[in-house]
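Only one structure is covered here, and it is reproduced in the block below.
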Amino acid sequence: METKYIFVTGGVVSSLGKGIISASLACLLKARGYRVTIQKYDPYINIDPGTLNPYEHGECYVTTDGRETDLDLGHYERFTNVRTTKANNVTTGRIYQNVIDKERRGDYLGKTVQIIPHITDEIKRNIMLLGNTGEYDFVITEIGGVVGDIESLPFLEAVRQLRWDMGADSICVHLTYVPYLHAAKELKTKPTQHSVKRLQELGIQPDVLILRTEHDIPSGMRRKIAQFCNVAPDAVFQSIDLPTIYEVPVAMHHQHLDEVILTKLGVTPQGEPHMAPWMAFLEKMHKAEKPVRIGLVGKYVELQDAYKSINEALLQAATYCDRKLDLHYIHSEKIDDANADALLAGMDGVIIAPGFGQRGIEGKFSALKWCREHDVPTFGICLGMQCMVIEFARNVLGLTDANSTEMDPSTPNNVIDLMDEQKSISNMGGTMRLGAYDCRLKPGSLAAEAYGSTEVSERHRHRFEFNSDFRPRFENAGMQCVGENPQTHLVEVVEIPGKRWYLGTQYHPEYNSTVLSPNPLFLSFVKAAVKYSEDRH
Ligand code: GLN
């Protein structure tokens, strides 16, 4: 079958959940046996979100091939179980960089380089890259931003041209918002009409409309929207707020979104999507009543998107343990030795979050000291693992000035130090140790038991590492280095055997946890938390 392209655009406001809708559609198509991928185009000038503070766009997600990307790629993987790559996230910055590099090389042969055709051609080339591999039946392309933004104009122009070139092999799905005015007790369709008009002015006629709403939209109103927007009445869908994002594919399927889209792309829908494993997950989630209380210690806790993949990995693990995730955010700047007991005593398990820089770091040490001494299941991720090592050095090895050279470049007890390969780096963008690396686990370790294997591969995003000069002292005192890179011997996993569950990973297992394939370390951690809660009650 010829690769089919589905373009997803958004109108009215941002944050409507284009990523979730795209991921849900991909989930349904995948469940029908098709090969699907999703790519995201971000209109900002940054080359990638790696240099962005999480307060800007939330978590930075990392692909196995080492690209720092938008967090929507995390949703794509969690919903489809299909790995994303560099090609799945492209920003305006990268498009311009490619074009400017070509100009400097002389590729444009003396021509004036312009937004049309050069920038739009580069966008089109990128959009087609995944489809041209022949590996996919459907390529879903999400255009970030909102129709009407200056920044998204070149992307929409590229979509217009591609739709013209591809004809029936492509469609446009437009997501808009139908607000409810409490004072008037009315749903309002005007913003949707306006946003479709904006799209039409740009030469794009949407084939399918998805209306985000907090209230049920009556069928008469949907027909009215269809009529005003030149869209078939059966191609107007509503996406109403649901208790969890994982219900969206099911809600969209109940309205026949997948069938309508297949039919519009000239594919006859056959049978039903195989959603049984997904439904089993949802059923477990609905049935779970007993809570598992997890504390997440980090400095971005006011922002729910900052630790997106950790939240989702925990939710998946809790669901498979038949528990309801009760997640408590604990601000690392607000916890200290004096209040750690009050803040942590109710937790069945504690996660120490990844991060960068000094802010909130002392709070992480206080939390870890309390967790280690009270033998609470504790999971340190990346910076969280590095903090585990530092806290152990300070309070068990007696190296009171132990630190990471990220926080104190002159400490003599640099138990966490800059990686050799990082010492000559001056550019900050895209230069960390990024992407998936192999890790060999010690047989019999907690980590090896959790994975059921001694060879794993997980994703990284860091510049600092465990300083192996200190390894014998740690191991003699009880903190074992149970995972290392087979080539470089870089320490990837530490644990304290004999504790209930005390483990830190230099890598980010949360990037590799999906609805149908939850990450084994998260499962093992949540199981230990459940057991701890049962032992106490
Ligand atoms: N700041 C630490 C480093 O660069 C940890 C990074 C992280 O937590 N992702 O090594």
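Just follow the structure's listing: the first ligand is 1, and inside any ligand the first atom is 1.
With ligand atoms numbered from 1 in the order given, ligand 1 contributes 5 (C), 7 (C), 8 (O) to contacts under 4.0 Å with heavy atoms of Leu383. Heavy-atom contacts of Arg463 reach the following atoms of ligand 1: 3 (C), 4 (O), 10 (O) (cutoff under 4.0 Å). Residue Arg461 has at least one heavy-atom neighbour below 4.0 Å for each of these atoms of ligand 1: 6 (C), 7 (C), 9 (N).
When the heavy atoms of Gln386, Glu406, Met385 are ranked by distance to atom 1 (N) of ligand 1, first place goes to Glu406. Closest heavy-atom approach to atom 5 (C) of ligand 1 among the candidates Gly384, Gly355, Pro354: Gly355.
Taking the six-membered ring where the residue is Trp, the centroids of Tyr507 and Tyr437 are separated by 6.0 Å or more.
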### Task
Evaluate the criterion ring-ring contact (aromatic ring centres under 6.0 Å, His included) for residue pair Tyr307 and Tyr329; output intermediate values, then yes/no.
CA-CA 10 Å; Tyr307 301 115; Tyr329 293 103; 7.1 Å; no
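Between Trp278 and Tyr246, the ring planes lie perpendicular to each other; the angle is over 60°, past the 30° to 60° tilted range. Under the 30°/60° scheme for interplanar angles, the aromatic rings of Tyr511 and His508 are found to lie parallel. Ring geometry, Phe525 versus Phe379: the interplanar angle falls from 30° to 60°, so the pair is classed tilted.
Not a single heavy atom of Glu465 sits closer than 4.0 Å to an atom of ligand 1. At least one heavy atom of His508 sits under 4.0 Å from some atom of ligand 1.
Checked by distance only, ligand 1 and Phe464 come closer than 3.5 Å through their nitrogen or oxygen atoms.
Atom 7 (C) of ligand 1 has Cys382 SG, 2.9 Å as its closest protein atom, hydrogens excluded (heavy atom only).
Put simply, NE2 on His75 and CG on Asp70 are 8.5 Å apart, with the number rounded to the nearest 0.5 Å.
The salt bridge (charged side-chain N to carboxylate O under 4.0 Å, His left out) test with Arg459 singles out one residue from Glu492, Glu68, Glu77, and that residue is Glu77.
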